[in-house]
Structures are given as structure tokens and as C-alpha cells.
Amino acid sequence: MEILRFTTAGSVDDGKSTLIGRLLYDSKSIFEDQIAAVKASSERKGLANIDLSLLTDGLKAEREQGITIDVAYRYFTTPKRKFIIADTPGHIQYTRNMVTGASTANLALILVDARNGVVEQTCRHSYIASLLEIPHLVVCINKMDLVDYSEEVFNRISEQFNEFASKLVVNDIRYIPISALHGDNVVDRSKNMDWYQGGTLLNTLETIHIGSDENHIDARFPVQTIIRPHSDEHHDYRGYAGRVAGGIFRPGDKVVVLPSGLSSTIRSIDTFTGSINEAFPPMSVSMTLEDDIDISRGDMIVKENNQPQMEQDIDIMICWLNARGPQPGAKYTIRHTSRETRAVIKDVVYKMDINTLQRVENDAELKMNDIARVRLRTMQRLIFDSYRRNRNTGSLVLIDENTNETVAAGMIV
Ligand SMILES: Nc1nc2c(ncn2[C@@H]2O[C@H](COP(=O)(O)OP(=O)(O)OP(=O)(O)O)[C@@H](O)[C@H]2O)c(=O)[nH]1
């Protein structure tokens, strides 16, 4: 079954918890005992309706303890798709959390309070979603019940958002008028907004086309592990295991191993359940080649006629995630595909002011949540594509060698 990953963003009190609770409740994705518990505590609080935000409040408590990464993952399934929600809180650490939750997302769900319209947070979240090249944006205009389910308010906010979004790179934006509290257009079609002809939120999540979200053109296979079983039966088996990061591989394909440049032909592609004729992202497989060549972890198998770049000097857009900014000359471990190497930050080219979308030059000091363009020099060559071309081979993280913390996420320009 297809999996859709999405992230949620909105300012504090826009209704994210209520919306996710509603989505799980109306799609019957939560267990009866959880519902019973929420009903009981709603009654205890003297509420007439059950308070759906209580379903996600357990997670809030965790957040308030200040755990390192404030992203809570929730899972639900309908007959059509599986869903993974990366739920990020609306408070000030937006960038860091969104980057963490959104790097693999197909879709970003942006919540707007119908009474307030597009606010600063909406713009920041949308900018980050576009920076991360999240392919689909769904803007839910919530609390429609508080504006008399007005079509005019909905249109005004949609236009306001559209105008801002025209400055971003987002290909697919949809707008849905909802009331998370009353359930309008979340799972069930609203009886209060006949003027709205589009799908409900769940319907949109179930049907949005995500088949082209992965790059199926540039064949990229970063090798994670070399498999050499020691039993007699498999004496000469040597497989290269990893996750397909782009394109389509088939037995018989002429391939090149990078960085060595040695070439061979794919003999077989194997999975736990047997051999297959085709491998594409994000499948995890093991390949065997016709020739016995030297391959190690971090190498990349690609096709002869379509090769990635290999460089040591790399420009990236970076999101700084750590409380401590980079010290001059500090070395970092870079994790990129299945490869690890060291790098130094040579230069901060500019920082980005997310509110105005202007570049700020002459300010090289990176602070938490900053977004900047920086130049890296790596010890070994990286084998990469631009992030725009391939999110798998174009993204990397920087790790502090002393504390072992992830201090930044980067997207190769
Ligand atoms: N009238 C109305 N109230 C809503 C709606 N959705 C949410 N609310 C209310 O708005 C308030 C905030 O909702 P939450 O779901 O806690 O908001 P949140 O965005 O998750 O807040 P944080 O988790 O603090 O970021 C609550 O009092 C909700 O009952 C809606 O569609 N209509």
C-alpha cells in the first residue's frame, strides 16, 4: 500500500491538535479504548463535546519536557493509503522542528485560522516547505464556523496565500475550508459550505498523486553494506545492499561504481522475498554484479549514461539546528547518502530573512533556526545531485564531532 508522509504546521492555537484528533477519530483510526479515555476526561472537564485535542496531548507533555527533537510521529491507515504524520508544535523553534519532520514529507499541511488569515508563521512555514521542496501543500483554513462558513473569507485568505506563494517554488497548492472542531470537510463533507466543490481533507490525502514525488530518472544506488554469506552454499555470493535513491535499476543494466569509475553489469536484484526485475526508490534491495570489483560502503552504483556530480567544494542551503553556532574552522562529520566524511564550513555566503525573503549579507554568525547559504569543503569527494533534482542524493546533515549532535541539515544547491 502507498504511504503518504505529511507534516503539519500552523501557529499556536490554529487547531492542529484538534484537526489531527478529528482526522483520526472520524476515519476510525484510533482505538476504542483511547476514545473511551478521552470521553471520560472530557466529561471530567465538564465539556459537552469530546475534546479531540486530548488525543494528542500526551505528546504535548513530552514536548514540554524539552526533548531534543520536538517531532511526534503518528500513524494511521485507511483502506486507500497509509499515513505518517510528523506533528511539529507551533512555537518558536519552528524551523528546526519542521526541517526534522519534513525532510521526507510528500505533503505539508498548513493551518490558517480563518479569523486571522495569513500571518507571519504561515509565511515562515510555507517558505521552509518550499525550501525542503515538499511537493504538495495543502492549506486548511480552519475555524470556518467562527466566520459563518463564509465563502468570501475563504476566497480572501486563499488569494492572500497565493500571492505570497507566487514567490516560492511550490507546484501544487490546494485550499480547503474546514472546521476541525465540528468536523466540516475533514473526513465528512460539510453541510455548511455548499459553495465548496473540492474534496475533503482526508479525500485529498487519499487521492493526491504522489507517484512522481520520487526521482525515477537518475539511477542512484548508495551502497550501505556488502553481503558475503559464509555458508558453502552461497560461497561466491557477493551482494551490495542499500536503498535505491533514484531512478530504476534492472538486471542487465550497465552500471558504473563511483568514485572508482569501474564498470559492470547488474546480474541480479534481490530482496528478502526473492529476486525482482525492477528496483526503484525507496526500495531496499541487494544487487549482484557480473564482475568481481572492489566496492565499499559509501560508494554509489549509477548508470553509465547518467552520472552524478563528484566534488569537494559544495554550496548548500543550510538550516542551523543547534543552540551553539559554528566555531570558526570547526570540523564536522558529514552524513550524506551512505557515506560519511569530514568537512569544514569555509564561508557563509548569505543568510536568509524568512519574513521578507531577502538575503542578508555581511552577517556570518549562524544561530539556531537560521537559514543560510554556506560553502563546505569536504575531505573526500561527495557523490551527489542537487537537492532540487533529488532529495535523497542532494541532502546531508552536519554532526558535531565532540557532542555527536546533528547541528545542521543541508540541501545541496
Ligand atoms: N471554533 C473552533 N474552534 C477550534 C477549531 N479547531 C480548534 N479549535 C479550538 O482552538 C483551540 C486551539 O486548538 P488546538 O488544537 O489545541 O491548537 P493547536 O494548534 O494544536 O495548538 P498548539 O498545540 O498549542 O500549537 C482549542 O480551544 C480548540 O478547541 C474549529 O474548527 N473551530
Side-chain angles (χ1 to χ4, degrees), residues 6-27 30 34-35 38-39 41-67 69-74 76 85-98 100-102 108-126 128-129 138-151 153-154 157 175-193 196 200-202 369:
F6 68 98
T7 171
T8 56
S11 332
V12 174
D13 283 347
D14 279 353
K16 254 183 318 126
S17 304
T18 308
L19 176 61
I20 292 172
R22 171 62 69 187
L23 201 55
L24 300 179
Y25 180 77
D26 284 359
S27 65
I30 43 174
Q34 266 178 298
I35 297 177
V38 169
K39 266 189 187 143
S41 71
S42 299
E43 274 163 25
R44 266 201 305 280
K45 285 166 73 183
L47 300 173
N49 301 317
I50 73 165
D51 181 354
L52 289 169
S53 73
L54 291 176
L55 281 174
T56 39
D57 270 2
L59 301 164
K60 276 192 195 159
E62 252 174 74
R63 284 176 199 155
E64 276 148 19
Q65 287 167 14
I67 50 169
I69 292 175
D70 282 349
V71 182
Y73 292 93
R74 308 192 61 89
F76 73 102
I85 315 177
D87 183 18
T88 57
H91 64 63
I92 194 68
Q93 300 205 341
Y94 54 91
T95 307
R96 190 165 170 255
N97 297 318
M98 235 190 119
T100 314
L109 200 159
I110 308 259
L111 227 68
V112 176
D113 186 323
R115 295 170 303 176
N116 306 331
V118 173
V119 296
E120 209 176 284
Q121 288 270 51
T122 321
C123 298
R124 284 187 191 146
H125 288 141
S126 312
I128 296 162
V138 173
V139 182
C140 284
I141 297 163
N142 188 32
K143 307 196 185 182
M144 287 300 291
D145 55 298
L146 298 180
V147 295
D148 293 328
Y149 297 103
S150 155
E151 178 177 15
V153 170
F154 173 75
I157 296 174
Y175 301 91
I176 309 178
I178 64 166
S179 166
L181 190 66
H182 300 294
D184 296 79
N185 289 335
V186 178
V187 172
D188 301 318
R189 177 158 281 285
S190 171
K191 294 189 182 71
N192 300 308
M193 291 179 274
Y196 173 72
T200 62
L201 174 61
L202 183 65
N369 291 323

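Note that ligands are numbered from 1 as they come in the structure, with each ligand's atoms numbered from 1 the same way. Just so it is clear, the values below take in all heavy atoms, side chains as well, and ignore hydrogens, waters and symmetry mates.
With a 4.0 Å cut-off on non-hydrogen atoms, D145 touches ligand 1 through its side chain and not its backbone. With a 4.0 Å heavy-atom cut-off, ligand 1 is reached by the backbone of L181 and by its side chain too. Only side-chain heavy atoms of N142 come within less than 4.0 Å of ligand 1; its backbone N, CA, C and O stay farther off.
Of the listed residues (K143, K16, R115), the one carrying the non-hydrogen atom nearest atom 18 (P) of ligand 1 is K16. The closest heavy-atom contact to atom 21 (O) of ligand 1, among the options V147, L146, D13, comes from D13.
The closest side-chain heavy-atom distance from H182 to Y149 is below 4.5 Å. Side-chain contact between V147 and I141 is absent, with no heavy atoms from C-beta onward closer than 4.5 Å. The closest side-chain heavy-atom distance from L202 to F76 is below 4.5 Å. A heavy-atom distance below 4.5 Å is not found between the side chains of T200 and V187.
Counting the atoms of ligand 1 from 1 in the order shown, those under 4.0 Å from a heavy atom of S17 are 15 (O), 18 (P), 20 (O), 23 (O). In the vicinity of S179, heavy-atom distances shorter than 4.0 Å reach the ligand 1 atoms 30 (C), 31 (O), 32 (N).
For a threshold of 3.5 Å applied to N or O pairs, the pair formed by M144 and ligand 1 contains no separation below that value. The N/O atoms of L19, backbone and side chain alike, include none that comes under 3.5 Å of an N/O atom in ligand 1.
The shortest non-hydrogen separation linking N185 to P177 is ND2-O, 2.9 Å.
N142 is linked by a side-chain contact (heavy atoms from CB on, under 4.5 Å) to L111, I178, A180, counting only residues two or more places apart in sequence or in another chain. With sequence neighbours left out, R115 forms a salt bridge (Lys or Arg N to Asp or Glu O under 4.0 Å) with D113.
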